[in-house]
Amino acid sequence: MKHPFYLKAVWNGGRNSEGHIDAGGLKTIISIPQEMGGPGTGTNPDEMLLGAAATCYLITLAAMLERSDLTPQELALESEAIVDVTNNVFTYERIIHKPRIVLKADASEAERTKAERLAHRAEESCMISRALAGNVSIETQPTIVITGINEE
């Protein structure tokens, strides 16, 4: 079964202008980020690629935890992207996912180990991560917390 997704975009002007995208649930202004000499309004391709990778990873991890009968008290994610600009060539080099999985106080060491293993497997299972494979390095740095034991 195939699932099509659609996006409509309008760009008026030159490099330092802005545009608009409409992709169903995602409707926003787009422009080149300030860090790259643009106006920095709305979002940009770098943030959207990071957003796609991060949300895919987080949803995949949540599903894997659920299928493994692990229900975290909290599941949060911080992700970072590194873009290199050398000789005016832009290269999306790396994405680092830092999931934080908070387990209940009665979680066993085996459950903590399973949560950590799933945090790494989710990156390999995520559709967006697989699409980026060979082009963008993706790493996972999970933090597993058991309530009341090793909370930060």
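The stretch residues 44-84 participates, sequence neighbours left out, in these ring pair (Phe, Tyr, Trp, His ring centres under 6.0 Å) pairs: Y57-H97. Counting only residues at least two apart or in different chains, side-chain hydrogen bond (donor to acceptor under 3.5 Å, both in side chains) contacts with residues 13-29 comprise E18-T41, D22-K27.
The nearest pair of heavy atoms linking R130 to E124 is CG-O, 3.5 Å. Residue R100 comes nearest to V145 through the heavy atom pair NH2-CG2, 3.9 Å, listed as atom of the first residue, atom of the second, then distance. In terms of heavy atoms, S31 sits closest to P45 at O-CD, 4.4 Å. In this structure, A115 and L103 approach most closely via the heavy-atom pair CB-CD1, 4.3 Å. Closest approach of A53 and L132 over heavy atoms only: CB-CD1, 4.5 Å. When all heavy atoms are compared, the tightest approach of E116 to P142 is CG-CG, 4.0 Å.
Placement of F90 and L49 within a single hydrophobic cluster is found when ILVMFWY residues are connected by side-chain heavy-atom separations under 4.5 Å, directly or transitively. Linking ILVMFWY residues whenever their side-chain heavy atoms come closer than 4.5 Å, directly or via other members, places L77 and L70 in the same cluster. In terms of hydrophobic clustering, with Ile, Leu, Val, Met, Phe, Trp and Tyr side chains grouped at heavy-atom distances under 4.5 Å, V85 and V136 are assigned to a common cluster. When the side chains of ILVMFWY residues are joined at heavy-atom separations under 4.5 Å, either directly or via intervening members, I32 and L50 end up in a single hydrophobic cluster.
A 4.5 Å side-chain heavy-atom check between M36 and V83 finds at least one atom pair inside the cut-off. The shortest distance between side-chain heavy atoms of L118 and L61 falls below 4.5 Å. You'll find the side chain of K104 stays beyond 4.5 Å of the side chain of E111, heavy atoms only.
Panel note: side chain N87, backbone V89; no donor-acceptor pair is recorded below 3.5 Å.
Considering I21, T43, L7 in turn, I21 is the only one that fulfils the side chain to side chain contact (heavy atoms under 4.5 Å, CB included) rule with L26.
Salt bridge annotation for E109-R112: present, with a cationic side-chain nitrogen under 4.0 angstrom from a carboxylate oxygen.
Under a cut-off of 6.0 angstrom, the local environment of CE in M127 is sparse, with at most 12 non-hydrogen atoms contributed by other residues, nucleotides or ligands. With a 6.0 Å radius and a threshold of 12 heavy atoms from other residues, nucleotides or ligands, E93 has its CD atom above the threshold. Under a cut-off of 6.0 angstrom, the local environment of CD in E78 is sparse, with at most 12 non-hydrogen atoms contributed by other residues, nucleotides or ligands.
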